[in-house]
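Notes for the one structure printed next.
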Protein chains: 2
Amino acid sequence: MSTSPTAANPFPLEAAPRRGLGLFLRKIEHWTRLDAADRAALLGLSHSVRHFFRHATIVRERDRPTHSCVLLSGLTIRHKLVSSGARQIVGIQVAGDMIDLQNSMFEIADHSIQTLTTAEVALVPRQALRDLAASRPSVGTAMWFDTLLDASIAREWIANVGRRDARTRLAHLLCEMAVRFEMAGIGRQSCYELPMSQEQIADALGLTSVHVNRMLKALEGDGLIVRTRRSVTIADWAQLIRAGDFDSTYLHLEQRSPGSIQ
Amino acid sequence: MSTSPTAANPFPLEAAPRRGLGLFLRKIEHWTRLDAADRAALLGLSHSVRHFFRHATIVRERDRPTHSCVLLSGLTIRHKLVSSGARQIVGIQVAGDMIDLQNSMFEIADHSIQTLTTAEVALVPRQALRDLAASRPSVGTAMWFDTLLDASIAREWIANVGRRDARTRLAHLLCEMAVRFEMAGIGRQSCYELPMSQEQIADALGLTSVHVNRMLKALEGDGLIVRTRRSVTIADWAQLIRAGDFDSTYLHLEQRSPGSIQ
DNA sequence: CGCCCATTTGACAGCTTTCAAATCGCGTGG
DNA sequence: CCACGCGATTTGAAAGCTGTCAAATGGGCG
């Protein structure tokens with residue numbers, strides 16, 4: 001994995017995969033500075049690890065969650081249902097992401113969380129997380145940053161669904177997942193497994209599965225990607241980025257500036 | 001203003017408008033408990049107040065902001081541009097909201113912020129805010145909650161734009177603004193001023209202004225709202241809520257549970 | 001009174017959905 | 001090893017919601 005941008009790999013990231021909550025630590029240390037005690041407190045957070053099957057529901061809308069979860073491996077989605085019965089996926093989480101901070105801090109879950117693949121999840125009691133934020137403010141700030149990033153991605157999704165046509169939306173999603181997988185240290189950027197059915201992709205993009213199918217074929221026909229089952233190979237990064245109107249600013253890959261956080 | 005739900009006013013909130021940063025304090029105390037020292041520290045935050053004209057740009061995408069802002073009065077929007085030149089409004093802020101926490105914590109702004117009306121803004125130096133979060137963890141947690149709410153609203157918008165038809169989207173926005181104005185203590189819920197042109201509403205909903213016009217007329221024709229210039233009177237709350245598939249769970253109006261936060 | 005911008009209206013085009021039906025992929029069982 | 005079954009993917013044709021383009025109308029301000 002290279003550490004400087006190239007045409008083939010415009011969004012490199014140092015490789016430093018870790019186990020357990022360390023994945024989450026690695027992620028938040030990208031923007032915030034933590035000292036040894038902070039790290040120890042985070043890694044020492046009491047938690048239990050639970051395994052979920054594919055398509056399992058981790059949190060259901062309107063639940064009153066008692067734990068916050070960190071995704072250790074696998075892929076999950078957040079989704080909402082609207083009255084017509086249609087479903088909208090409002091976010092995708094990869095290993096190292098907090099998957100229901102959103103829900104666990106408030107009383108009532110405003111969306112559901114499901115696994116796309118088998119997944120390992122670290123369950124942290126709500127109160128333990130809040131206590132940690134209180135006792136180690138730097139960690140609290142770091143988790144806050146994580147929430148800010150989540151919100152930033154959500155805003156980009158609003159723009160994606162609201163103002164881009166189907167082909168562009170799809171290309172944008174493919175770019176985002178490539179970069180996020182790379183950030184999380186899963187798979188290479190130019191070729192990755194996207195364990196989503198076309199119907200799930202459609203639910204993430206506000207389209208129908210039929211149309212997603214057509215657009216996937218269009219992107220493939222234009223030589224931007226190559227598909228074999230559910231693995232995606234990006235054949236032409238520059239073109240796909242252009243096709244997807246993709247600008248990674250919203251992912252805030254920028255390194256923390258020296259001294260930006262105590 | 002009543003304090004218990006009624007058919008005409010399903011989302012009451014105790015009235016306690018305050019001046020300056022107190023508005024923000026009032027908002028975040030809805031979910032988190034702050035002690036006197038916390039409050040004093042927040043209210044004592046060094047800041048300057050700046051006035052903006054209508055349609056002024058407060059933060060521009062790709063800026064490197066040096067301050068975080070709290071909106072003291074007026075209305076602002078966040079928006080993004082896509083390559084086709086179209087604009088998507090990804091959020092609306094009312095008095096008491098932090099309007100560019102999102103931008104100011106990261107290095108590079110991922111969206112722009114503009115005023116819809118003349119607006120008063122409290123500018124807080126980035127570092128002061130971070131120092132506050134470090135020295136008063138409860139305040140840090142409270143601001144984190146604010147970000148979580150913002151993210152929750154963004155997710156609802158994704159669902160709104162992605163999976164609801166034009167009429168429903170519009171009704172949903174009208175419901176949301178009614179509740180948020182009421183939460184913020186601005187105007188009554190059943191009748192409020194929405195200082196947005198139909199083009200701006202369109203940009204918020206991922207529609208065209210022409211179609212927004214048609215849908216506004218449809219809602220009015222069906223007797224759900226009455227319009228006079230840009231003020232909206234909700235003639236039939238129950239029906240509008242149904243038409244907009246509106247469920248206020250995502251606004252997390254639930255009061256903090258006793259002892260939920262130290 | 002007149003200009004300018006926002007709103008309104010109508011006709012038409014187009015992107016996406018809908019509805020089926022056919023095909024494919026793959027795990028299961030014979 | 002091959003047949004079967006079931007869900008996912010593909011494909012085609014037609015309908016529909018929303019967008020586009022233009023022109024008319026309306027309202028506020030100088």
### Query
Is A:Gln200 near enough to D:dA8 that one of its side-chain N or O atoms lies under 4.0 angstrom from OP1 or OP2?
no
### Ring centroid separation B:Tyr250 to B:His172 under 6.0 Å
yes
### Task
Tell me whether the OP1 or OP2 atom of D:dT9 has a side-chain N or O from A:Asn213 closer than 4.0 Å.
no
### Residues touching DNA chain C, which here means a heavy atom under 4.0 Å, drawn from residues 227-236 of chain A
A:Arg229
### Message
With a 4.5 Å cut-off on side-chain heavy atoms, are B:Val121 and B:Val49 touching?
### Response
no
### Query
Are B:Glu120 and B:Ser73 close enough that a side-chain donor and a side-chain acceptor fall under 3.5 Å?
yes
### Message
Once side chain to side chain donor-acceptor pair (under 3.5 Å) is applied, do any residues pair with B:Asp146, and if so which ones, sequence neighbours excluded?
### Response
B:Lys27
### Task
List for me each residue that meets side chain to side chain donor-acceptor pair (under 3.5 Å) alongside B:Gln93, sequence neighbours excluded, and say none if there are none.
B:Thr76, B:Arg78
### Query
Can a donor-acceptor pair be found between the side chains of B:Thr249 and A:Arg62 at a distance below 3.5 Å?
yes
Listing time: all N or O pairs from protein to nucleotides 17-24 of chain C that are below 3.5 Å?
{"from": "C:dT17", "atom 1": "OP1", "to": "A:Thr208", "atom 2": "N", "distance (Å)": "3.3"}
{"from": "C:dT17", "atom 1": "OP2", "to": "A:Thr208", "atom 2": "N", "distance (Å)": "3.2"}
{"from": "C:dT17", "atom 1": "OP2", "to": "A:Thr208", "atom 2": "OG1", "distance (Å)": "3.0"}
{"from": "C:dT17", "atom 1": "O4", "to": "A:Arg214", "atom 2": "NH2", "distance (Å)": "3.4"}
{"from": "C:dT18", "atom 1": "O4", "to": "A:Arg214", "atom 2": "NH2", "distance (Å)": "3.1"}

### Query
Which range-with-range stems can be found for DNA chain D when each stem has 3 or more Watson-Crick or G-U pairs in a row and both distances sit under 3.5 Å?
C:1-30 with D:1-30
### Message
Enumerate the ring pair (Phe, Tyr, Trp, His ring centres under 6.0 Å) contacts for residues 185-233 of chain A, please, sequence neighbours excluded, ordered by first and then second residue.
### Response
A:Phe181-A:Tyr192
